[in-house]
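To keep things clear, I will list the structure first and then write my remarks on it.
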Amino acid sequence: GDGCGHTVLGPESGSLASINYPQTSPNSTVCEWEIRVKPGQRVQLKFGDFDIDDSDSCHSSYLRVHNGIGPNRTEIGKYCGFGFQMDGLITSKSNEVTVQFMSGMHTSGRGFLAAYSTTDKSDLITCLDNASHFSEPEFNKYCPAGCVIPFADISGTIPHGYRDSSSLCMAGVHAGVVSNTLGGQINVVISKGIPYYEGSLANNVTSKVGPLSTSLFTFKTSGCYGTLGMESGVIPDSQITASSILEWSNQTGQVNIWKPENARLKRVGPPWAAFISDEHQWLQIDLNKEKRITGIVTTGSTLAEYYYYVSAYRILYSDDGQKWTAYREPGMGKDKIFQGNTELYQEVRNNFIPPIIARFFRINPLKWHQKIAMKVELLGCQFSIGRAPKITMPPPPQNKNDDKSDDFSHSVKTSLQTDKTTFTPEIKNTTVTPSVTKDVALAAVLVPVLVMVFTTLILILVCAWHWRNRKKKAEGTYDLPYWDRAGWWKGMKQFLPTKSAEHEETPVRYSSSEISHLRPREVPTMLQTESAEYAQPLVGGIVGTLHQRSTFKPEEGKEASYADLDPYNSPIQEVYHAYAEPLPITGPEYATPIIMDMSSHPSTPLGVPSISTFKAAGNQAPPPIGTYNKLLSRTDSTSSAQALYDTPKGQPGPGAAELVYQVPQSVAHSTGSKDE
């Protein structure tokens with residue numbers, strides 16, 4: 001009738017819809033579908049959408065389902081209503097069903113879309129179902145035939161996945177999991193979405209670019225979708241032949257030959273092109289042995305200046321390279337025509353369901369743009385199921401009649417040979433060769449061993465570096481161990497009882513390993529080059545003892561030290577003390593004034609600088625020292641001795657009351673002032 005819309009009736013499943021669906025169906029239309037499945041089976045019907053006007057109680061607009069076909073059919077049910085929800089499936093009593101649609105006078109109503117299958121497909125879904133309709137992370141469903149519909153969209157591609165809003169069955173056709181003509185089972189896995197979904201053309205289905213989604217879905221397959229060697233070069237040039245080769249010279253006189261071996265997908269350069277563009281041209285690939293071929297990917301010339309591509313083709317295959325069989329889908333009485341490219345760059349994929357099992361593979365272009373030119377890659381895997389040995393016969397003599405058919409035989413092989421190509425063995429992916437499997441097992445053993453070796457080496461290096469640093473720290477200036485340095489001693493002294501500085505004196509001792517081999521003048525130089533852990537020396541001369549508040553820990557033992565020498569009984573020599581006398585507990589926070597007795601010494605001649613207790617800035621030479629000056633203790637009595645430094649501000653002392661610290665005055669100047 002005139003009310004029939006999208007319809008695909010397969011041998012085991014199919015899809016049907018009212019005219020103009022999903023738009024409002026026209027008035028006064030009628031359509032009947034007669035569905036038949038194999039004898040002994042029954043039909044089940046499922047509605048994906050149902051929206052029929054019920055203003056006249058299903059009198060003029062309705063959908064009626066019957067058991068059987070013809071005048072003896074019996075009614076199963078009559079249905080109408082806007083947004084009608086059909087619970088469950090409608091099941092027939094026989095292998096034949098009639099579906100009748102009537103559309104009377106109405107102003108709204110989309111009509112209906114339904115799917116059917118045999119009753120053994122309990123998980124039947126319709127072409128409108130998408131992944132968001134199911135909450136399980138993984139599930140199996142049966143897709144009916146005919147789900148490539150113009151009013152459904154998909155976004156994404158394999159192997160990245162499809163957007164969750166995409167039609168499950170239409171995406172299954174695009175992925176090559178099910179056939180649009182036959183339908184089939186899909187195994188769906190839900191996972192987290194991605195920000196961007198690519199678009200592509202595959203199996204006559206165009207996938208659109210899609211935005212971010214919360215989830216996506218992919219399909220579990222047998223894994224037999226690896227490349228068979230065109231792009232990688234596993235198939236040698238000698239095994240790629242063609243009916244003709246385009247050879248021509250450009251304006252500069254350079255000869256261009258577009259040979260068959262150029263027909264490798266993603267290879268830079270020109271493609272294969274036929275010298276003559278007609279329906280008798282072919283590109284042949286010898287796989288060297290029988291392979292399981294599940295798909296093909298094609299492009300055009302990929303050269304912008306040569307806008308050539310093949311838009312439609314058919315596939316032929318052979319076991320011996322002599323007798324060829326055109327590929328047909330099961331139950332179809334004609335060769336399948338595959339959609340090719342729509343431009344010269346885009347990769348277009350087509351899958352073979354069921355797969356082809358053959359050694360020789362031919363592509364026969366039927367439609368093209370300007371010239372026949374293409375690049376290809378075959379998809380599939382090894383075919384490892386054993387077969388009975390064949391008896392090869394020599395090729396029969398050719399005659400003139402054979403030239404007409406040439407290599408294009410449209411005849412179908414015997415039933416045994418046809419079964420051979422349509423049989424889908426349950427095998428695992430065999431694209432991984434045994435040698436690769438052994439390598440994987442070997443790697444599983446070697447990788448942990450290598451990790452342990454590298455870890456051990458790293459630990460050894462770390463330990464060596466740590467030991468070296470410890471050794472450097474242990475080599476102190478005065479041969480003291482790391483834990484016996486002044487910083488540690490200062491921290492421990494606060495826990496020790498305080499002794500009176502007036503009744504006990506501690507001799508200053510140095511390590512003989514650093515001092516004994518040095519001359520007296522080299523002592524201060526050596527001490528100044530090391531890190532100054534203690535205060536700088538204040539005076540030149542001998543300090544026999546240090547009181548209790550010394551800034552370093554004296555060494556133990558009876559060993560003679562540098563400070564034990566009697567400077568008055570030894571030859572005159574210059575000796576420098578490396579440490580300053582510590583400040584008294586109650587004294588000021590500044591240095592103690594040094595009082596020198598000048599009564600027993602002659603006046604210093606003019607122009608001769610006096611001895612200063614401050615270390616000169618820069619690298620000045622040490623002042624000359626004649627005789628040892630007597631160091632007097634701090635005193636408050638008036639004497640002939642003159643202080644070289646003023647008393648700190650705010651402290652009582654001889655002379656003026658409030659003085660600030662000044663640069664030490666020379667002895668000569670002080671004496672002169674005194675005389676005045």
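Source: prediction; values computed, not measured. Computation of the quantities below employed the complete heavy-atom set of this structure, encompassing side-chain atoms and omitting hydrogens, waters and symmetry-equivalent molecules.
- Contact check on E75 versus R64 returns a salt bridge, with a Lys/Arg side-chain nitrogen under 4.0 Å from an Asp/Glu carboxylate oxygen.
- Between the S179 side chain and the T181 main chain, a donor and an acceptor come within less than 3.5 Å of each other.
- Put simply, OG on S232 and CD on E377 are 6.5 Å apart, with the number rounded to the nearest 0.5 Å.
- At a cut-off of 3.5 Å, with distance as the only test, no side-chain donor of S311 or W368 sits close to an acceptor on the other residue.
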task: Run the numbers on E96 and E34 for side chain to side chain contact (heavy atoms under 4.5 Å, CB included), then give the verdict.
output: CA-CA 7 Å; E96 296 179 342; E34 295 179 350; over 6 Å; no
task: Could you walk me through whether Y162 and F217 pass ring-ring contact (aromatic ring centres under 6.0 Å, His included), step by step?
output: CA-CA 5 Å; Y162 296 88; F217 64 91; 5.8 Å; yes
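- Annotation: the span from T98 atom OG1 to N67 atom CG amounts to 9.0 Å, rounded to 0.5 Å.
- Under the 3.5 Å distance criterion, the side-chain polar atoms of N350 are left unmatched by any main-chain donor or acceptor of A202.
- Between F139 and F134, a ring centre-to-centre spacing shorter than 6.0 Å is recorded.
- Side-chain N or O atoms of D320 include one that pairs as donor or acceptor with a backbone N or O of K323 at under 3.5 Å.
- Side chain of D49 to backbone of L113: no donor-acceptor contact under 3.5 angstrom is found.
- Between T298 and E347 there is no side-chain heavy-atom pair separated by less than 4.5 Å.
- Between I285 and V376 the shortest side-chain heavy-atom distance falls below 4.5 Å.
- Residue K208 places its NZ atom among 12 or fewer non-hydrogen atoms of other residues, nucleotides or ligands, all under 6.0 Å distant.
- Counting only N and O atoms by type, the side chains of S117 and Q44 include a donor and acceptor under 3.5 Å apart.
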- request: Mind running side chain to side chain contact (heavy atoms under 4.5 Å, CB included) on Q284 and F360 for me, showing each step along the way?
  value: CA-CA 7 Å; Q284 178 177 311; F360 296 93; 3.8 Å; yes
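- For the residue pair Q281 and S244, a side-chain donor N or O sits within less than 3.5 Å of a side-chain acceptor on the partner.
- At a cut-off of 3.5 Å, with distance as the only test, no side-chain donor of N203 or Q339 sits close to an acceptor on the other residue.
- Ring centers of H369 and Y307: under 6.0 Å apart, within the cut-off.
- Using a 4.0 Å cut-off between a side-chain N of Lys or Arg and a carboxylate O of Asp or Glu, R73 and E32 qualify as a salt bridge.
- Distance check for C127 and C147: the SG atoms are under the 2.5 Å cut-off.
- The shortest heavy-atom contact between T91 and I76 is O-CD1, 4.1 Å.
- Here the CG atom belonging to L246 is positioned 8.0 Å from the OG atom belonging to S277, to the nearest 0.5 angstrom.
- Between the side chains of S92 and H66, no donor N or O sits under 3.5 Å from an acceptor N or O.
- Under the 3.5 Å distance criterion, with hydrogens and angles disregarded, no donor-acceptor pair is assigned to the side chains of S207 and T157.
- Considering every non-hydrogen atom in both T299 and L265, the closest pair reads CG2-CD1, 3.5 Å.
- Considering CD1 of I356 and CD1 of I296, their distance stands at 9.0 Å, rounded to 0.5 Å.
- In this structure, K78 forms a cation-pi arrangement with Y62, its terminal cationic atom sitting closer than 6.0 Å to the ring centre and no more than 45° off the ring axis.
- A cation-pi contact, defined as under 6.0 Å to the ring centre and within 45° of the axis, is absent between K291 and F383.
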field: Stepwise side chain to side chain contact (heavy atoms under 4.5 Å, CB included) check, L9 with Y116
entry: CA-CA 9 Å; L9 304 180; Y116 76 89; 3.7 Å; yes
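- Between Q185 and N140, some side-chain heavy-atom pair lies under the 4.5 Å cut-off.
- Among the candidates F101, F151, F112, the single residue satisfying the ring-ring contact (aromatic ring centres under 6.0 Å, His included) test with Y21 is F151.
- Side-chain contact between W258 and L303: present, with at least one pair of heavy atoms (C-beta onward) separated by less than 4.5 Å.
- Residues S28 and M105 form a side-chain contact, since some pair of their non-hydrogen atoms from C-beta on lies under 4.5 Å apart.
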- prompt: side-chain hydrogen bond (donor to acceptor under 3.5 Å, both in side chains) between N130 and S167: does it pass, once the steps are laid out?
  reply: CA-CA 5 Å; N130 55 47; S167 166; over 6 Å; no
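- Between K375 and R264 there is no side-chain heavy-atom pair separated by less than 4.5 Å.
- Side chain of H106 to main chain of S25: a donor-acceptor pair is present (N/O by atom type, distance under 3.5 Å, no hydrogens or angles).
- W272 has its ring centre no less than 6.0 Å from the ring centre of Y308.
- Exactly one of L89, L124, V97, V65 qualifies for a side-chain contact (heavy atoms from CB on, under 4.5 Å) with L45. That residue is V65.
- Note that the CG atom of L316 and the CH2 atom of W324 stand 7.5 Å from one another [nearest 0.5 Å].
- The two residues Q382 and R292 come nearest to each other via the heavy atoms O-CB, 4.3 Å.
- Checking E12 against T118 by side-chain atom types alone, no donor-acceptor pair falls below 3.5 Å.
- L378 contributes atom CG, which lies 8.0 Å from atom CD1 of I315 (distance to the nearest 0.5 angstrom).
- The minimum heavy-atom distance linking C143 with I186 is given by the pair SG-CD1, 3.5 Å.
- The closest donor-acceptor contact from the side chain of E343 to the backbone of Y345 lies under 3.5 Å.
- A donor and an acceptor atom, one from each side chain of D53 and S61, are nowhere located under 3.5 Å apart.
- Between D319 and R359, no side-chain nitrogen of the basic residue sits less than 4.0 Å from a carboxylate oxygen of the acidic one, so the salt-bridge criterion is not met.
- At a cut-off of 3.5 Å, with distance as the only test, no side-chain donor of Y225 or N351 sits close to an acceptor on the other residue.
- In this structure a side-chain-to-backbone donor-acceptor pair under 3.5 Å is missing from T29 to N27.
- Between S13 and Y142, the closest heavy-atom pair is OG-OH, 3.5 Å.
- Remark: R314 engages D335 in a salt bridge, criterion side-chain N to carboxylate O under 4.0 Å.
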task: Take L168 and I125, measure what side chain to side chain contact (heavy atoms under 4.5 Å, CB included) needs, and give me the verdict at the end.
output: CA-CA 9 Å; L168 286 171; I125 60 176; 4.3 Å; yes
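- Side-chain contact between F352 and F338 is present, with heavy atoms from C-beta onward closer than 4.5 Å.
- Using a 4.5 Å heavy-atom threshold, the side chains of R110 and T24 count as separate.
- T294 places a side-chain N or O within 3.5 Å of a backbone atom of C224 that can act as its donor or acceptor partner.
- Side-chain N or O atoms of N187 include none that pairs as donor or acceptor with a backbone N or O of K220 at under 3.5 Å.
- Under the 3.5 Å distance criterion, the side-chain polar atoms of H6 are matched with a main-chain donor or acceptor of G146.
- Minimum interatomic distance between L283 and A242 (heavy atoms only, all atoms of both residues): CD1-CB, 4.2 Å.
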